[in-house]
Amino acid sequence: MEEKRVIQNFVSDIHNDDYQLNFIDPHYTVQNMICDAGRYKEKLDGNWNFSTDQYDYCLRGKWYEEQYYNEAGLSLPRDYDFDDWETLKVPGTWNTQKAEYLFFEGPGVYTRKFHYVNHGEKKVVIKFGAVYYNARVFINGKFAGFHRGGSTPFYLDATPFLQLENRIIVVAENTRRKTQLPSINTDWYNYGGITRSVELIRLPESYISDFSISLNRGTERTLSGTIEVSGATADTALPGSAHLEIAELGLSADIPLTNGKGLFTIEVPCCSDFELWCPENPRLYTVKVSAGPDTVTDTVGFRTIEVKNGKVVLNGKPVYLNGVACHEESAANGKAVTPAEAEENIRLAKEMGCNFMRLAHYPHDEAVSKLADRIGLLLWEEIPVYWLIAFSNPDTYADAENQLAELIRRDKNRASVIIWSVGNENPDTDERLSFMSRLAQFAHATDPTRLVSAACLVDTVHLKIADRLEQYLDVIGLNEYYGWYNPHFEQLETIMANSQPEKPVVISEFGADALSGHYGTIDQKGTETCQEYIYRRQTELFEKIPFIQGTCPWILFDFRTPRRMSAWQKGRNTKGLLNEDKTHKKLAFYVMQEFYRKRGTTPKE
């Protein structure tokens with residue numbers, strides 16, 4: 001038998017095409033999330049050294065090991081100087097911080113040093129609010145973990161790696177792939193970077209890893225929820241009970257735990273002045289949970305949401321969802337929207353008369369749902385199962401389910417969030433039906449307290465609302481652009497006449513492009529006049545259709561997208577009701593404001 005030849009001159013960083021397989025374990029998912037509500041967090045935001053790494057040599061060439069000398073003590077050449085690199089702000093996107101990075105896609109390397117002293121904590125996690133899209137983290141020359149998905153958080157266990165002085169390296173990679181979510185083709189900008197805060201959290205040996213609480217449907221004062229405690233070791237058992245307190249309601253209860261997990265159902269005392277959360281009265285209560293050495297606190301509103309007789313029912317009363325869609329973007333900061341910018345978006349929506357906002361097409365920063373809780377705005381939250389993706393790929397489905405699970409885990413105590421959306425504008429194929437129906441069923445099973453929807457397309461063959469996914473949804477989302485992409489507006493009237501859905505319909509998208517400040521005739525595409533005319537025709541029809549229980553025009557403000565290059569777009573989707581920097585309200589803004597004020601929030605019987 002011929003002896004297999006051993007290659008003597010193999011150079012791993014040149015010849016190994018599977019180098020990324022060394023950097024996928026540990027893979028951080030929803031299973032590694034912790035409850036961080038009310039915890040003290042030490043921010044690692046600010047100036048990080050940064051370099052693009054188009055050929056991925058931080059991974060290929062093991063830059064993270066910082067090998068400056070060989071075993072004989074002789075200096076080695078290197079292709080990096082971490083501390084001499086330029087600095088970028090974290091959170092932020094590289095696309096908006098330097099002109100030459102505007103169109104960059106690929107790996108970008110972030111690094112900084114930080115000082116750490118143990119103050120008695122047993123576990124330290126570093127929370128990344130979001131890194132777009134794949135994140136590989138190294139601490140002190142060691143691979144610490146991998147996360148996939150650019151809009152949900154992950155909690156990396158840094159305990160084994162920390163010392164007095166530390167270097168952290170994050171390889172953020174925003175390469176578009178068909179197997180990812182979103183896929184290769186989108187209608188928004190593919191920003192890259194560490195787009196949300198990086199925070200260090202110190203934990204005791206046993207800690208509260210999960211906690212949920214909500215008002216039971218069909219009740220006025222019955223609260224239910226779950227508590228989970230993690231961190232048991234061979235020497236330390238988990239606590240046998242947890243304590244829950246809502247001081248403003250005079251509520252105090254001990255919750256038994258079995259193997260760190262407990263379910264509870266408790267009654268709000270009748271003597272307390274208990275108010276339900278709603279957009280007109282966004283009442284929040286401080287909920288405190290303690291277990292062993294650990295305590296978390298959260299501000300929670302209590303409300304119920306359900307569907308009855310074809311209507312969306314909030315706190316037992318039907319409600320119109322007077323909404324608007326919104327991307328996570330700002331002219332200055334791209335995807336790294338600041339809290340002030342997020343609050344501006346919500347207040348603009350409220351000014352227009354909205355009680356509802358669709359956060360498209362991916363999870364926005366958790367600060368948005370917290371603001372919506374406080375200000376009073378109902379939310380539709382979505383994962384980026386967007387257009388045509390690899391529906392038959394099991395790994396793609398696993399990614400989608402994990403993104404949905406991380407979103408639900410993050411925001412399940414937010415009263416403002418009433419709808420989980422499992423996707424947008426997907427073709428009605430068998431593969432897609434299997435993929436998205438499983439997601440819908442997962443959402444229902446994971447969080448039965450909320451509604452599930454998806455933004456579906458019109459059946460343009462039979463001219464009716466018909467999508468096989470509808471049987472798995474509580475609310476039917478419908479995207480249509482009659483008067484714009486399809487100029488035959490009368491077909492929309494036919495669609496409505498042909499449809500008799502048994503579930504409430506939210507028009508999840510409609511609208512038209514308009515260059516801010518440019519006017520013309522009603523037939524002149526790209527003018528505010530044409531956009532206004534289309535909005536008037538749309539809203540006049542909506543008033544006549546009883547099964548339409550919500551409307552969500554596309555979109556609150558103009559945003560960047562590289563596939564829109566007409567004379568009035570110039571790299572922007574200009575369907576906004578405001579311009580990109582939100583300094584000008586287009587005519588259609590006032591059409592929606594008038595429509596919402598006239599319609600109100602209570603459906604007609």
Side-chain angles (χ1 to χ4, degrees), residues 12-13 19-28 32 34 36 40-53 56-91 107-131 134-148 153-173 193-194 196-205 207 231:
S12 61
D13 62 307
Y19 65 95
Q20 286 195 351
L21 296 179
N22 297 318
F23 308 106
I24 57 175
D25 185 25
H27 181 182
Y28 281 84
N32 307 103
I34 68 165
D36 65 354
Y40 180 72
K41 305 178 184 73
E42 298 161 76
K43 287 188 178 294
L44 298 180
D45 295 348
N47 296 323
W48 287 55
N49 294 101
F50 174 80
S51 175
T52 59
D53 186 16
D56 216 9
Y57 255 77
C58 186
L59 304 185
R60 282 184 178 274
K62 301 182 180 180
W63 293 355
Y64 54 86
E65 291 184 347
E66 295 194 75
Q67 292 294 323
Y68 300 132
Y69 301 94
N70 68 8
E71 294 178 353
L74 301 176
S75 63
L76 297 172
R78 61 185 182 272
D79 297 317
Y80 58 90
D81 278 301
F82 291 140
D83 298 325
D84 288 330
W85 285 354
E86 66 181 332
T87 59
L88 294 185
K89 292 289 186 183
V90 169
V109 182
Y110 289 82
T111 182
R112 65 161 291 170
K113 294 177 179 177
F114 66 94
H115 188 74
Y116 168 74
V117 175
N118 186 288
H119 292 282
E121 63 274 4
K122 300 298 183 181
K123 183 182 179 74
V124 177
V125 300
I126 297 178
K127 176 186 178 181
F128 293 85
V131 178
N134 292 316
R136 291 177 170 88
V137 183
F138 301 83
I139 302 176
N140 297 326
K142 304 295 184 182
F143 177 57
F146 166 73
H147 181 261
R148 177 173 60 176
F154 64 101
Y155 296 76
L156 183 137
D157 184 2
T159 316
F161 308 102
L162 292 179
Q163 52 197 38
L164 185 62
E165 297 295 335
N166 302 274
R167 179 185 295 285
I168 185 170
I169 297 171
V170 179
V171 180
E173 187 216 356
I194 303 175
R196 297 181 192 150
S197 284
V198 182
E199 298 166 312
L200 186 145
I201 305 173
R202 304 172 191 248
L203 298 170
E205 193 161 43
Y207 55 91

Quiz prompt | For Y69 against S75, the heavy-atom pair lying closest together | solution = CD2-CA, 3.6 Å
Quiz item: Crowded around Y68 OH? As in, over 12 foreign heavy atoms under 6.0 Å?
Solution: yes
Quiz item: What's the spacing between E199 CD and E42 CD if we round to 0.5 Å?
Solution: 10.0 Å
Quiz item: So do the side chains of Y116 and R202 get within less than 4.5 Å of each other, counting heavy atoms only?
Solution: yes
Quiz item: What heavy-atom pair brings A144 and P26 nearest, and what distance separates the two atoms?
Solution: O-CG, 3.3 Å
Quiz item: Roughly how far, to the nearest 0.5 Å, is the NZ atom of K123 from the OH atom of Y155?
Solution: 13.0 Å
Quiz item: Quick one: NZ on K89 to CG on D45, what's the gap to the nearest 0.5 Å?
Solution: 10.0 Å
Quiz item: Can we say D53 and R60 salt-bridge, meaning some charged N sits less than 4.0 Å from an Asp/Glu carboxylate O?
Solution: no
Self-check item: Worked check of side chain to side chain donor-acceptor pair (under 3.5 Å) between T111 and N49
Solution: CA-CA 5 Å; T111 182; N49 294 101; 5.9 Å; no
Practice problem: Tell me, please, which residues at least two apart from F23 pass ring-ring contact (aromatic ring centres under 6.0 Å, His included). | Solution: Y64, F138, F143
Practice problem: Report yes if some heavy atom in the side chain of R136 is under 4.5 Å from a heavy atom in the side chain of I24; otherwise report no. | Solution: yes
Quiz item: Do I126 and I168 have side chains that get closer than 4.5 Å, going by heavy atoms?
Solution: yes
Quiz prompt | Heavy-atom check, side chain of I139 versus side chain of L156, under 4.5 Å | solution = yes
Practice problem: Answer yes or no: is there a side-chain heavy-atom contact under 4.5 Å between F154 and N32? | Solution: no
Quiz item: Counting distance only, does the side-chain N/O of Y28 pair as donor-acceptor with the main-chain N or O of D157 below 3.5 Å?
Solution: yes
Practice problem: State the CD1-OH distance between I169 and Y80, to the nearest 0.5 angstrom. | Solution: 8.0 Å
Quiz prompt | E121 to V124 - nearest heavy-atom pair and separation | solution = CG-CG2, 3.9 Å
Quiz item: Of all heavy-atom pairs between K43 and S197, which one has the smallest distance, and what is that distance?
Solution: NZ-OG, 3.3 Å
Quiz item: Do K127 and V198 have side chains that get closer than 4.5 Å, going by heavy atoms?
Solution: no
Quiz item: Within a radius of less than 6.0 Å around NZ of K41, do more than 12 heavy atoms belonging to other residues, nucleotides or ligands occur?
Solution: yes
Practice problem: Calculate, to the nearest 0.5 Å, the distance between atoms OG and CG belonging to S51 and D81 respectively. | Solution: 10.5 Å
Quiz item: Is it true that a side-chain atom of R112 and a backbone atom of G46 form a donor plus acceptor pair closer than 3.5 Å?
Solution: no
Quiz item: What's the verdict on side-chain contact (heavy atoms from CB on, under 4.5 Å) for L44 and F128, showing C-alpha distance, side-chain angles and the deciding distance?
Solution: CA-CA 10 Å; L44 298 180; F128 293 85; over 6 Å; no
Quiz item: Do you know the tightest heavy-atom contact between N134 and R148?
Solution: OD1-CG, 3.5 Å
Quiz item: Under the side chain to side chain donor-acceptor pair (under 3.5 Å) criterion, do N166 and K113 qualify, and how do the steps go?
Solution: CA-CA 5 Å; N166 302 274; K113 294 177 179 177; over 6 Å; no
Quiz item: What pair of heavy atoms forms the shortest contact from D79 to W63, and how long is it?
Solution: O-CZ2, 4.0 Å
Practice problem: Could you pull out all residues at least two apart from W48 that satisfy ring-ring contact (aromatic ring centres under 6.0 Å, His included)? | Solution: none
Practice problem: Calculate, to the nearest 0.5 Å, the distance between atoms CH2 and CZ belonging to W85 and F50 respectively. | Solution: 8.5 Å
Exercise. Decide side-chain contact (heavy atoms from CB on, under 4.5 Å) for V171 and D56; before the verdict, give the C-alpha distance in whole Å, the side-chain angles of both, and the deciding distance to 0.1 Å.
Key: CA-CA 9 Å; V171 180; D56 216 9; 4.2 Å; yes
Self-check item: Pairwise side-chain contact, E165 with H115, heavy-atom cut-off 4.5 Å (strictly under)
Solution: yes
Exercise. Answer yes or no: is there a side-chain heavy-atom contact under 4.5 Å between E66 and F82?
Key: yes
